[in-house]
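Following: one structure in structure tokens, then a few remarks.
When a ligand or atom number is given, it counts from 1 through the structure's own listing order.
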Amino acid sequence: MEKHRSSIAAAPATRSPGRRTYLMCRPAYYAVEYAINPWMDTTAPVDATLACAQWEALVDAYTLLGHEVVTIEPEPGLPDMVYSANGAFVVDGIAYGASFRYPERRPEADAHEKWYRTSGWTFAEPEFINEGEGDFTYLPGRELILAGWGFRTDARAHAEAADVFGRPVVSLRLVDPRYYHLDTALAPLDDERIAYYPEAFAPGSRLLLERLFPDAVIADAEDAAGFGLNFVSDGRSVVINAEATGFAKKLRDAGYETVPVDLSELKKGGGSVKCCTAELRQ
Ligand code: ARG
């Protein structure tokens, strides 16, 4: 079986570029004040004004693609709140709440809970540590939830999510601290197909991914380091960190359109396009 087909052009099997709804949080209080992942350097300067402008450009990219962006109010003292993907994981109109690993980010969970509850979503309170869509994603065409563990999310939260959603959850173990959330190493391209960086996963998880997704687009070390896997795809257009030029080319060769957005400032916190975007699935 041919496993690595990243360079072979093929039309995506499933495309559903319908209108998506994304929850985002303006980086009004963004800074690198603590270091909880290897990308964060508290001594390196961050241009807060540029971060806001880059974030605005991401909002504009989604809007131009026809998607809806809703926002949660940023809170002072929560510099990582811009990474709204971590606040919950939403499928079937149910928001499974986050419970953060590090104390610095814990209050974000309350802010998100309040937002989801007052915005009409069914809210499921978590018992176990999990960082929302940072470590969970959903493939509607396969009716599968993919979930990461190893650095942030407790593997017991995977069973909890299966229980909350009544859907199968595939557990994948992350082993490279630079790719501490699933969404830094793997992302859905459309309803059935994914892209991922194999080296970020434990051997058993790699085998599992090869078995489940023989048509995946495979990323290399450079693609991953440019946050190329931290993209948001609507099934046709892939919004991707501008630095990941090589990976964007692989995605175009695989039949997708790419929309580069420069998020250099937000990378200093260890996040990019996907981290700043929570998909709200009805
Ligand atoms: N500084 C944040 C943290 O380490 C970055 C979160 C990135 N978000 C994501 N969905 N990967 O928690």
Side-chain angles (χ1 to χ4, degrees), residues 22-44 46 48 51 54-55 58 72 74-75 77-90 95-109 111-112 129-138 145-154 157 161 172 174 176-188 195-197 200-201 219 224-233 239-241 243-244 261 263-280:
Y22 300 128
L23 174 65
M24 299 178 67
C25 182
R26 178 184 303 280
Y29 305 103
Y30 172 67
V32 179
E33 291 169 355
Y34 48 79
I36 55 172
N37 69 57
W39 305 93
M40 300 176 87
D41 174 357
T42 54
T43 64
V46 169
Q54 293 178 334
W55 181 87
L58 180 60
I72 179 172
E75 292 189 11
L78 298 177
D80 273 339
M81 210 175 154
V82 60
Y83 306 112
S84 59
N86 299 126
F89 172 53
V90 186
Y96 169 48
S99 170
F100 286 84
R101 169 76 54 189
Y102 294 107
E104 291 89 339
R105 296 197 69 188
R106 282 191 195 137
E108 293 181 44
H112 278 269
I129 286 176
N130 82 86
E131 297 198 348
E133 225 183 8
D135 272 322
F136 286 101
T137 193
Y138 180 58
I145 290 170
L146 306 185
W149 66 284
F151 295 101
R152 300 290 182 90
T153 295
D154 186 324
L172 302 164
L174 296 161
D176 183 332
R178 287 171 304 166
Y179 308 111
Y180 56 93
H181 276 144
L182 183 70
D183 73 0
T184 62
L186 179 151
Y196 68 99
Y197 173 50
F201 296 91
F227 268 74
L229 275 316
N230 198 246
F231 63 73
V232 170
S233 174
V239 181
I240 186 167
N241 189 28
E243 186 188 335
V261 176
L263 292 179
S264 63
E265 292 313 292
L266 293 162
K267 194 185 176 194
K268 295 173 181 171
S272 191
V273 177
K274 180 65 197 76
C275 301
C276 297
T277 312
E279 186 169 348
L280 307 182

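- The nearest non-hydrogen atom to atom 11 (N) of ligand 1, considering only H181, E104, M81, K268, comes from H181.
- Considering backbone and side-chain atoms together, N230 places no N or O closer than 3.5 Å to any N or O of ligand 1.
- Of the N or O atoms in D80, one or more lie within a sub-3.5 Å distance of an N or O in ligand 1.
- Those atoms of ligand 1 with a heavy atom of M40 less than 4.0 angstrom away are 1 (N).
- Annotation for ligand 1: atoms under 4.0 Å from non-hydrogen atoms of R152 are 3 (C), 4 (O), 12 (O).
- Atom OH of Y102 sits about 10.0 Å away from atom CD1 of I129, to the nearest 0.5 Å.
- Under the 6.0 Å cut-off for aromatic ring centres, Y30 and W55 do not qualify, their centroids lying 6.0 Å or more apart.
- Within the set E108, R105, R101, E131, the minimum heavy-atom distance to atom 6 (C) of ligand 1 is found for R105.
- Using a 4.0 Å cut-off to heavy atoms of G134, the atoms of ligand 1 that qualify are 10 (N).
- Of the protein's heavy atoms, C275 SG, 2.7 Å lies nearest to atom 9 (C) of ligand 1.
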Test log, rule side chain to side chain contact (heavy atoms under 4.5 Å, CB included), inputs H181 and N86: CA-CA 10 Å; H181 276 144; N86 299 126; 3.3 Å; yes

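- Of the possible donor and acceptor atoms, none in the side chain of T277 sits under 3.5 Å from a partner among the backbone N and O of Y22.
- Contact annotation: K274 has no heavy atom less than 4.0 Å from any atom of ligand 1.
- To the nearest 0.5 Å, the span separating CG on D183 from OG on S272 amounts to 9.5 Å.
- With sequence neighbours left out, the side chain to side chain contact (heavy atoms under 4.5 Å, CB included) criterion links P107 to L78.
- Within the structure, ligand 1 has Y180 among the residues with a heavy atom less than 4.0 angstrom away.
- Annotation: salt bridge (Lys or Arg N to Asp or Glu O under 4.0 Å) contacts involving residues 32-44, sequence neighbours excluded, are absent.
- When the heavy atoms of N86, T184, N37 are ranked by distance to atom 4 (O) of ligand 1, first place goes to N37.
- At least one donor-acceptor pair closer than 3.5 Å links the side chain of T153 to the backbone N or O of E131.
- Taking a cut-off of under 4.0 Å to the non-hydrogen atoms of G269, the atoms of ligand 1 that pass are 1 (N), 2 (C), 5 (C).
- Within the listing of ligand 1, atoms 9 (C), 10 (N), 11 (N) sit less than 4.0 angstrom from a heavy atom of D183.
- With a 4.5 Å cut-off on side-chain heavy atoms, R105 and Y83 count as touching.
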